[in-house]
Amino acid sequence: MRRYSPKVIEAKWQEKWYDSGVFKAQNGSKKKKFYLLVEFPYPSGDGLHVGHCRSYTALDIIARKRRMQGFNVLFPMGWDAFGLPTENYAIKKGVHPSVVTKKNTDNFRSQMKNLGLSFDWSREINTTDPKYYKWTQWIFVQLFKNGLAYKAKIDINWCPKDKIGLANEEVVDGKCERCGTKVVKKEKEQWLIKITNYAERLIKDLDLVDYSEKIKIQQKDWIGESHGALIKFPVEGVEENIEVFTTRIDTIFSGTFLILAPGHNFIDKYKNKIENIDEVLKYSKEAKNISDLDRTNLDKDVTGVQLKGITVRNPATNEEMPVWTADFVLEQYGTGAVFADAHDKRDFKMAKKYGIPLRTSIKPEDEIFSQKAKNLEECFEGEGILYNSMQFDGLESAHARPQIIAWLGGKGFAQPKISYKLRDWVFSRQHYWGEPIPMIFCKKCGWQPVDEKDLPVELPKIKKYKPTDTGESPLSAITKWVEVKCPKCKGDAERETDTMPNWAGSNWYYLRYCDPKNNRELANEKLLKYWMPVDWYNGGMEHTTLHLLYSRFIFKFLWDIGAVPKSIGSEPYQKRTSHGVVLAEDRRKMSKSWGNVINPDTVIKQYGADTLRIYEMFMGPFEQMIPWDTKGVVGSHRFLEKIYKLAQKKVSMKTDESLRKVLHKTIKKVSEDIDLMKFNTSVSSMMEFANAWQISKTGLDKKDFAEFLKVLSPFVPHLSEELWSNAGFLGLCCQQKWPKYDEKLIKEEKILLIVQINGKVRDRIEVDFGIEQKQAEKIVLKSEKIKNLLTDDKKVVKVVFVANKLINIVTIDKNA
RNA sequence: GCCCGAGUGGCGGAAUUGGCAUACGCGUGCGACUCAAAAUCGCAUUUCCUUACGGAAUUGUGGGUUCAACUCCCACCUCGGGCACCA
């Protein structure tokens with residue numbers, strides 16, 4: 001008997017598949033298309049992580065199944081290769097980043113091929129290829145031309161270790177997402193993209209797509225939409241209003257003071273009117289030096305300074321209100337000003353500290369106002385019933401709001417307003433290894449985009465790509481490259497030396513796969529029409545608020561300007577799923593420093609790719625975080641060895657009837673589970689089948705064996721292919737038609753009827769499928785076990801019968 | 001603080017609509033093969049009581065609905081994730 005040797009088998013079939021081009025997606029095919037996308041990796045020097053293998057294998061299974069179901073499948077792969085780790089490695093070793101990238105992508109590609117993944121390699125893309133980033137730059141130029149890219153001097157989040165500016169999205173707990181260094185503020189001229197213009201649509205259009213509720217909620221929370229009102233507070237003595245955004249206009253009648261963010265431009269504009277301007281400016285300056293993290297620390301004491309000499313009028317009560325500044329009011333949110341009252345904890349705390357008068361105007365519903373709150377010893381923040389509020393007395397908060405907006409609106413003091421937490425996207429990085437921003441600054445003409453025919457602006461090959469401490473891009477030192485003619489007036493001008501963030505290339509890569517070699521446009525319209533949208537996109541949960549949001553935004557923009565056909569629809573991804581992280585055996589993250597990393601190459605060497613694939617599918621639910629178990633790999637390997645043996649021993653002339661039933665149940669289960677990404681239960685059902693096969697008398701006939709190989713093949717393609725050819729079947733197993741199960745064979749003729757007394761299982765009796773209640777009762781009452789339990793002192797009060805499942809006899813004690 | 005998700009054997013986990021809790025795999029124990037070991041195969045394996053037949057308890061905790069609850073409702077505990085002086 002032959003032994004299962006994956007090493008020989010796997011190399012052989014990989015060669016056959018890749019040489020024959022069976023995984024190539026066909027442009028313009030009559031078949032129904034299916035575009036399946038898995039996030040392309042950053043090709044790090046560490047090689048593939050077993051977590052990569054897990055999500056790629058999962059999507060590979062879906063791709064293989066869809067092909068067998070007759071779809072024209074596009075399942076591509078590429079490299080998101082710009083980024084810091086490569087740059088850092090290059091600096092340390094003195095090798096050019098492009099050399100490092102080449103080495104890493106070659107390694108990744110060969111690892112993926114060793115896994116037997118069915119990617120269409122003819123469509124491979126690389127974000128660092130000038131032919132690719134030409135179009136990344138082209139998109140930037142379009143953003144600029146449409147007024148969505150602008151340069152502004154802003155406080156950026158600066159990571160002193162990586163020497164790079166970070167987007168808000170890349171700052172976690174006030175620390176650099178990548179290296180964990182505490183982020184500091186630095187004022188710099190930066191390119192920004194107006195993603196905020198799309199905030200509303202990015203929320204609304206989530207209704208059009210099939211994403212899990214969790215993903216939708218995360219996106220919505222991140223964008224942070226809140227409905228409220230804009231209120232004007234007239235400033236006494238000057239023709240000026242201070243605008244305030246609020247979601248709680250129902251509390252307006254208790255508003256007794258106004259608070260401005262320390263950086264609010266009113267302060268600068270009216271510095272002559274503010275009597276204590278020195279004190280105010282000193283406070284502003286201090287506030288600026290406090291990081292956002294400290295500023296938003298809830299335990300911190302509230303501080304503030306009154307703007308003496310300034311008062312505003314509350315448009316609802318007509319009372320004069322003092323104006324303060326406090327650092328808990330943020331410049332970037334709303335209008336950078338709030339009206340303050342007794343129904344907000346921070347306002348309350350501040351008023352108590354500085355002796356500012358307070359008044360309440362909301363009391364809790366169905367409840368007597370607590371004495372403490374009434375005496376202003378405690379803050380009531382909830383919604384409730386209005387009082388002290390003129391004609392609105394007695395209304396509930398929610399009902400009062402639109403009415404107050406309408407009333408104040410009638411006098412020109414208020415209007416409905418929606419506010420977002422999402423901020424414009426900081427798009428500049430001061431690093432070498434990224435796409436140059438294709439802009440030119442001319443003293444006469446201002447910022448001008450590089451002429452589209454001159455794209456790409458290639459990254460010059462230089463020796464010193466180390467980032468500078470000053471925050472200037474290393475590209476700024478290359479005078480020859482920087483000095484350029486203005487595209488408009490042809491006078492002397494200078495290139496932008498900042499590069500794009502590493503999200504830039506991944507914003508639109510899924511479009512490029514449709515037409516990866518096009519040099520005239522980002523992708524051909526016809527091909528986009530055929531392939532887009534992506535039918536199914538899988539990626540990590542960690543990309544939900546970053547990559548997923550950015551790329552949806554960029555797609556919408558391209559759709560708006562007609563760069564992609566309207567017929568695709570306004571969303572790039574029809575369906576989005578996410579995978580769980582694979583943890584190390586010690587349940588920590590895999591990390592070189594912990595020494596707990598599992599290398600897929602080692603697993604493949606020892607057990608083969610098929611074992612790795614099926615183990616990673618079997619280990620647990622796909623979306624769930626799951627620890628690696630080296631012992632578990634052995635179990636998966638045993639399963640494959642068992643199949644290899646059975647294929648030699650138990651394929652005969654005739655299939656056992658009972659085994660055929662199990663086979664068809666397995667076909668049904670696997671077919672359904674793959675689409676639901678329930679790979680773990682698919683595998684266990686195939687294991688159950690193998691067990692049944694093993695104990696069967698005659699085993700399987702050739703036809704049924706072929707059916708089993710087909711359902712097995714997406715999971716363990718090499719072994720299936722080998723057994724397929726060993727059995728003398730024609731063609732490739734991966735090109736067969738996906739099997740159908742026979743409904744008749746799945747139905748049972750006999751079932752085990754569960755017999756319960758008072759809900760407890762007392763017996764199991766084999767009966768015919770479809771048995772009637774009366775018949776069942778008769779049989780049940782004959783059972784010795786049941787007879788013994790239904791003694792004379794018990795009275796049957798009810799019999800519950802569930803067809804083909806169970807019968808439950810409910811009794812009571814006669815004596816009781 | 002707010003919003004999601006989860007809690008089932010020694011371990012990873014399974015369980016259409018409420019209808020046999022613990023499938024499948026790991027581990028462990030016993031046995032077969034072997035001079036021996038590994039590998040392989042067979043049997044057992046939720047816990048407790050019982051020599052056994054059998055019985056009882058059990059899906060984070062406490063209550064509820066129901067003939068019947070891992071599944072539905074209420075309260076709480078623990079863990080994971082997201083957001084957070086956001087007006």
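Just so we're on the same page: letters track the sequence lines, and every chain starts at 1. Just so it is clear, the model here is predicted, and its values are computed rather than measured.
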**Q.** A:D344 vs A:V810, nearer the 5' end of RNA chain B by closest nucleotide
**A.** A:V810

Q: Quick one: classify the glycosidic conformation of B:G64 as syn or anti, with syn meaning within 90° of 0.
A: anti

**Q.** Note: A:E383-A:R401 ion pair, threshold 4.0 Å (strictly below)
**A.** yes

Q.
Taking only the C1' atom of each, what is the distance from B:G19 to B:A37 in whole angstrom?
A. 50 Å

Q.
Suppose we define a pair by two distances each less than 3.5 Å, Watson-Crick or G-U wobble; what does B:A84 pair with here?
A. none

**Q.** Of the listed nucleotides B:A87, B:C83, B:G81, the one nearest the side chain of A:Q218
**A.** B:G81

Q) Which part of the nucleic acid does A:R3 contact within heavy-atom distance under 4.0 Å: base, sugar-phosphate only, or nothing? A) nothing

Q) What integer number of Å spans the P atoms of B:C70 and B:G60? A) 10 Å

Q: Can you spot which of A:F639, A:Y607, A:W628 makes a ring-ring contact (aromatic ring centres under 6.0 Å, His included) with A:Y615?
A: A:W628

Q: Quick one: look up who B:C79 pairs with, Watson-Crick or G-U, both distances under 3.5 Å, and put none if it's unpaired.
A: B:G5

Q) What integer number of Å spans the P atoms of B:G81 and B:C26? A) 31 Å

Q: Report, as a single string ordered 5' to 3', how protein heavy atoms within less than 4.0 Å touch nucleotides 1-8 of chain B: B base, S sugar-phosphate only, - not at all.
A: ---S----

Q) Using purine N1 to pyrimidine N3 plus N6-O4 or O6-N4 for Watson-Crick, or N1-O2 and O6-N3 for G-U wobble, each under 3.5 Å, what pairs with B:U34? A) none

Q) Expressed as a whole number of Å, how far does the P atom of B:C11 sit from that of B:U28? A) 15 Å

Q) Are A:E749 and A:K661 ion-paired here, with the side-chain N under 4.0 Å from a carboxylate O? A) yes

(Q) What does the B/S/- profile of nucleotides 14-27 of chain B look like, 5' to 3', with a 4.0 Å heavy-atom cutoff to protein? (A) SS---BBS-BBSSS

Q) With both distances under 3.5 angstrom, what nucleotide forms a Watson-Crick or G-U wobble pair with B:C70? A) none

Q.
Please report the distance, rounded to the nearest Å, between CD in A:Q606 and P in B:A39.
A. 13 Å

**Q.** Nearest-angstrom distance, P atom, B:C24 to B:A15
**A.** 13 Å

**Q.** B:U59 to B:A21 separation - C1' atoms, rounded to the nearest Å
**A.** 7 Å

Q.
Under a 3.5 Å cut-off for both contacts, is B:U46 paired Watson-Crick or G-U wobble with anything, and if yes, with which nucleotide?
A. B:A57

Q.
Donor-acceptor check, side chain of A:K650 to backbone of A:Q694, threshold 3.5 angstrom: yes or no?
A. yes

Q: Would you mind classifying the nucleic acid contact of A:T544 as base, sugar-phosphate or nothing, using non-hydrogen atoms under 4.0 angstrom?
A: nothing

Q) In whole angstrom, what separates A:H227's NE2 from B:C86's P? A) 18 Å

Q.
Rounding to an integer number of Å, can you tell me how far A:F801 CZ sits from B:A68 P?
A. 19 Å

**Q.** Rounded interatomic separation in angstrom, taking CG from A:L549 and P from B:G82
**A.** 16 Å

Q) Do the rings of A:W324 and A:F257 sit parallel, tilted or perpendicular, given the 30° and 60° boundaries? A) perpendicular

Q | Pairs touching residues 762-774 of chain A that satisfy side chain to side chain donor-acceptor pair (under 3.5 Å), sequence neighbours left out | A | A:K750-A:D768, A:D763-A:S783, A:Q773-A:E777

(Q) On a heavy-atom basis, which atom in A:V302 and which in A:R346 lie closest, and how many Å separate them? (A) CG1-O, 4.3 Å

(Q) Using Watson-Crick or G-U wobble geometry with both distances under 3.5 Å, which nucleotide pairs with B:U65? (A) none

(Q) Nearest heavy atom decides the nucleotide; on that basis, is A:A337 or A:K760 closer to the 5' end of RNA chain B? (A) A:K760

Q: Select one nucleotide: of B:C83, B:C11, B:C85, the one nearest the side-chain heavy atoms of A:R346.
A: B:C85

Q. A:N314 side chain to A:I252 main-chain N or O, any donor-acceptor pair under 3.5 Å?
A. yes

Q) How long is the line joining NZ of A:K345 and C1' of B:A84, in whole Å? A) 13 Å

Q. Is any side-chain N of the basic residue among A:R576 and A:E39 closer than 4.0 Å to the acidic one's carboxylate O?
A. yes

Q) When the distance from CZ of A:R401 to C1' of B:A87 is rounded to whole Å, what number comes out? A) 13 Å

Q.
Tell me whether the rings of A:H264 and A:F266 are parallel (<30°), tilted (30 to 60°) or perpendicular (>60°).
A. perpendicular

Q: Nearest whole angstrom, please: distance from the P of B:A87 to the CG of A:L330.
A: 11 Å

Q: Can you tell me, in whole Å, how much space there is between the C1' of B:A23 and that of B:C73?
A: 29 Å

Q.
Taking 4.0 Å as the cut-off, does a side-chain nitrogen or oxygen of A:K798 come that near to OP1 or OP2 on B:C67?
A. yes

**Q.** Carboxylate-amine/guanidinium proximity below 4.0 Å for A:K747 and A:E743
**A.** no

Q) Taking atom P in both B:C4 and B:G13, what distance in whole Å separates the two? A) 24 Å

Q: Measure from CD on A:E225 to P on B:C83 and round the result to the nearest Å.
A: 18 Å

**Q.** Candidate nucleotides B:C85, B:G80, B:A87, ranked by approach to the side chain of A:M625 - the nearest
**A.** B:G80

Q.
With side-chain hydrogen bond (donor to acceptor under 3.5 Å, both in side chains) as the criterion, how do A:K798 and A:N808 come out once you've worked through the C-alpha distance, each side chain's angles and the decisive distance to 0.1 Å?
A. CA-CA 8 Å; A:K798 195 175 175 183; A:N808 186 13; over 6 Å; no

Q.
Checking base pairs now: Watson-Crick or wobble, both atom distances under 3.5 Å. What partners B:G10?
A. B:C26

